[in-house]
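Remember, it's 1-based here, ligands and their atoms both numbered in the order they're listed.
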Amino acid sequence: MYKIFDTVDEVSHYTAQRLLDKIKALPSAVLGLATGSTMEPVYAQLIKYIQHAPLDLSRLTTFNLDEYIGLSAQHPQSYNYYMYQHLFNQLNIPAQNVHLPDGLTTDIEATCQAYSQAISKRGGLDLQLLGIGTNGHIGFNEPKTCFNSRTHVVELSEQTRIDNGRFFSDQAEVPTHAVTMGIQDILEAKEVILVATGKNKADIMAKLFNSPIDEELPASALKKHNNLTIVLDREAAALLPQHTLKSAI
Ligand code: F6R
């Protein structure tokens, strides 16, 4: 299902409300979370909602999608740091319920395996929030990633390193590798919300719309999912066929 809004603000309200509804309906929900620019206003809105009408978050569990290899939790560009800045510092989720892949682990294989297993042990993800890369990646699952992948190490594509270079003072500082939840982990979530905003996402959203299910385009795996919502602003939806735009509003 597509939901298309005029502004980023409306996208953020809608998405934050969906997260809130999930937590209210299921206080012990297991949420899969994403980082990136797209999620900043979503998390800001979610915090506002919760500050306005406090909720018990003591039973909530979160698993983040990914983390750069080589960056500590204190590094301002690490996803761990991002999550505390943009969400966790403002919400009362017990620390032991918050999970991010460890980018500094010395046993990467064991870390990856344990991460996917921890998700399964908690009964799987009730809702996975996703952004999308301009090359169609979800999490850091780059083009050609197997759709049956579990948490694994990826070499970041040149495109992703260029896109994410905006967060670093020097392009050379962008890590070359990351740990990411696999596509199978994502597909097993009971519900998936993919959010894309801004004109730099218009090409990939049109490509995704027209693409068959194909490992060249990781996000196309989501076409197999039976509870997917794609939330876009006008700019990201600009190249979708007119009839989709009309029925999605
Ligand atoms: C981040 C993640 C990535 C981003 C994607 C879009 O945890 O998993 O897939 O969602 O790169 O990033 P932004 O929102 O910065 O355009």
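Listed by atom number, the atoms of ligand 1 under 4.0 Å from His137 heavy atoms are 3 (C), 5 (C), 9 (O), 11 (O). The ligand atoms of ligand 1 that sit less than 4.0 angstrom from a heavy atom of Thr38 are 13 (P), 14 (O), 16 (O). Atom numbering of ligand 1 starts at 1 in the shown order; those under 4.0 Å from a heavy atom of Leu65 are 8 (O). Residue contact check: Lys201 has heavy atoms under 4.0 Å from atoms 6 (C), 13 (P), 16 (O) of ligand 1.
Among all protein heavy atoms, the one lying closest to atom 6 (C) of ligand 1 is Ile132 O, 3.3 Å. Among protein heavy atoms, atom 2 (C) of ligand 1 sits closest to Asp66 OD2, 3.3 Å. Nearest non-hydrogen protein atom to atom 1 (C) of ligand 1 is Thr35 OG1, 3.1 Å.
Look at Met39 and you'll find every heavy atom at least 4.0 Å from all atoms of ligand 1. By the 4.0 Å heavy-atom criterion, Arg166 is counted among the residues contacting ligand 1.
With Gly139, Ala34, Gly36, Gly131 as candidates, the residue nearest to atom 3 (C) of ligand 1 on a non-hydrogen basis is Gly139.
When heavy-atom distances to ligand 1 are checked against a 4.0 Å cut-off, Thr160 has no atom that comes that close, whether in backbone or side chain.
Here the shortest heavy-atom pairing between Asn135 and Pro218 reads O-CD, 4.3 Å. Scanning both residues, Lys224 and Ile213, for their nearest heavy atoms gives CG-CD1, 3.6 Å. Heavy-atom minimum distance, Gly198 versus Glu235: CA-OE1, 3.5 Å. Residues Leu127 and Arg18 approach most closely at CD1-O, 4.4 Å, considering heavy atoms. Shown here for Asp6 and Glu10, the closest heavy-atom pair between the two residues is CB-OE2, 3.4 Å.
Centroid-to-centroid, the aromatic rings of Tyr115 and Phe63 come within less than 6.0 Å.
Residue pairs meeting the side chain to side chain donor-acceptor pair (under 3.5 Å) criterion with at least one member in residues 94-111, sequence neighbours excluded, are Thr105-Thr111.
Evaluation of the side-chain hydrogen bond (donor to acceptor under 3.5 Å, both in side chains) rule for Asp126 yields Lys190 as partners, not counting sequence neighbours.
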